[in-house]
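Residue indices begin at 1 and follow the sequence shown.
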Amino acid sequence: MSGDGVPEYLAVIPGGQLIILTIYKNKVKVLAVLQTTSIMPDVYYNRQNNTFTIAASITARLTSRNVYKIQKGKLYRLATLSDAIGQMNGYGYVPVNRYLNGKQVSKSKYNRYYKKYCKNMQIINWKGAQE
């Protein structure tokens with residue numbers, strides 16, 4: 001997932017946690033233990049910038065995409081992109097609120113980050129066991 005040819009290992013552990021392991025300097029290293037939803041999240045890889053995204057549905061109306069990069073045996077979170085679908089108003093309009101790193105942003109700013117990190121990603125097919 002870092003583009004360096006070293007395989008990473010992902011596993012969902014009970015309670016909705018995702019553990020990420022890699023090999024660094026010939027040793028297995030825990031990069032992170034991340035709290036996700038209880039459902040196995042989708043993981044995507046973006047070959048253009050060697051980032052990966054963990055996407056999870058928080059609620060039926062809220063999706064979060066955390067963008068990460070692995071460099072020199074460390075995991076860095078580059079951005080968190082979230083979008084929340086609001087309630088339909090009386091005229092049939094359904095508002096969409098967009099957030100970047102927890103702060104509400106304009107559609108154009110959100111789309112710039114989305115295009116950079118999420119537009120060209122490919123899903124990583126993986127299977128996890130959950131209790």
Side-chain angles (χ1 to χ4, degrees):
M1 291 189 304
S2 62
D4 63 2
V6 176
E8 278 71 39
Y9 177 81
L10 284 79
V12 176
I13 54 180
Q17 293 178 320
L18 177 70
I19 186 168
I20 304 172
L21 305 171
T22 192
I23 298 171
Y24 184 69
K25 294 187 177 181
N26 295 321
K27 294 183 181 179
V28 174
K29 181 176 181 180
V30 176
L31 288 175
V33 178
L34 306 170
Q35 183 64 47
T36 66
T37 61
S38 60
I39 300 169
M40 201 165 96
D42 291 328
V43 180
Y44 300 89
Y45 178 68
N46 187 323
R47 186 172 304 214
Q48 290 181 340
N49 53 26
N50 291 323
T51 60
F52 67 97
T53 300
I54 300 171
S57 295
I58 308 302
T59 67
R61 295 178 177 262
L62 175 63
T63 300
S64 179
R65 295 169 193 86
N66 291 293
V67 181
Y68 297 96
K69 186 169 190 109
I70 300 170
Q71 287 183 319
K72 297 182 181 177
K74 292 187 180 181
L75 182 73
Y76 298 93
R77 183 175 57 100
L78 303 177
T80 298
L81 298 154
S82 303
D83 48 78
I85 300 171
Q87 293 285 347
M88 181 186 299
N89 68 17
Y91 302 106
Y93 173 73
V94 179
V96 178
N97 298 307
R98 293 164 183 86
Y99 300 89
L100 175 62
N101 300 327
K103 295 182 182 179
Q104 191 166 0
V105 294
S106 68
K107 182 178 180 179
S108 62
K109 185 170 185 175
Y110 180 90
N111 286 341
R112 280 195 309 270
Y113 278 80
Y114 187 88
K115 184 178 178 183
K116 180 177 181 179
Y117 293 120
C118 303
K119 183 86 171 172
N120 298 308
M121 53 188 191
Q122 297 175 332
I123 192 160
I124 296 172
N125 292 319
W126 64 295
K127 296 180 181 179
Q130 289 187 340
E131 290 183 17

Margin query: Can you pull out every ring-ring contact (aromatic ring centres under 6.0 Å, His included) where at least one residue sits in residues 58-102? Sequence neighbours excluded, please.
Written below: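 Non-adjacent pairs meeting ring-ring contact (aromatic ring centres under 6.0 Å, His included): Phe52-Tyr68.
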Next item on the list: Apply side chain to side chain donor-acceptor pair (under 3.5 Å) to Asn66 and list each qualifying residue two or more places apart in sequence or on a separate chain.
Entry: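 For Asn66 the side chain to side chain donor-acceptor pair (under 3.5 Å) partners, ignoring immediate neighbours, are Thr80.
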Notebook entry, point to check: Partners of Gln48 by side chain to side chain donor-acceptor pair (under 3.5 Å), sequence neighbours excluded?
Noted result: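 In terms of side chain to side chain donor-acceptor pair (under 3.5 Å), with neighbours along the sequence ignored, Gln48 is linked to Asn120.
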Residue pairs fulfilling salt bridge (charged side-chain N to carboxylate O under 4.0 Å, His left out) with at least one residue in [range], sequence neighbours excluded:
range: residues 91-116; value: none
range: residues 6-26; value: none
range: residues 67-84; value: Arg65-Asp83

Drop me the distance from [X]'s [atom1] to [Y]'s [atom2], to the nearest 0.5 angstrom.
X: Ile19; Y: Tyr9; atom1: CD1; atom2: OH; answer: 8.5 Å
X: Tyr113; Y: Leu100; atom1: OH; atom2: CG; answer: 5.5 Å
X: Ser106; Y: Asn111; atom1: OG; atom2: CG; answer: 8.5 Å

Closest contact, heavy atoms only, [X] versus [Y]:
X: Thr22; Y: Pro7; answer: OG1-O, 3.9 Å
X: Ala79; Y: Asn101; answer: CA-OD1, 3.4 Å
X: Cys118; Y: Leu81; answer: SG-CD1, 3.7 Å
X: Ala55; Y: Tyr44; answer: CB-CE1, 3.9 Å
X: Ala32; Y: Leu75; answer: CB-CD2, 3.4 Å

Notebook entry, point to check: Parallel, tilted or perpendicular: which fits the ring planes of Tyr110 and Tyr114, with parallel below 30° and perpendicular above 60°?
Noted result: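 Rings of Tyr110 and Tyr114: parallel, under 30°.
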Between [X] and [Y], is there a shared hydrophobic cluster once you connect ILVMFWY residues whose side-chain heavy atoms come closer than 4.5 Å?
X: Tyr45; Y: Ile54; result: yes
X: Val12; Y: Leu31; result: yes
X: Leu34; Y: Ile70; result: yes

Next item on the list: Using modelled atom types only, decide if a donor and an acceptor are shared between the side chain of Asn46 and the backbone of Thr51 within a distance under 3.5 Å.
Entry: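 The answer is no, because no donor-acceptor pair under 3.5 Å joins these two groups.
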Next item on the list: With the side chain counted from C-beta on, respond yes when Val30 and Ile20 share a heavy-atom pair under 4.5 Å apart, and no when they do not.
Entry: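 No, side chains not in contact.
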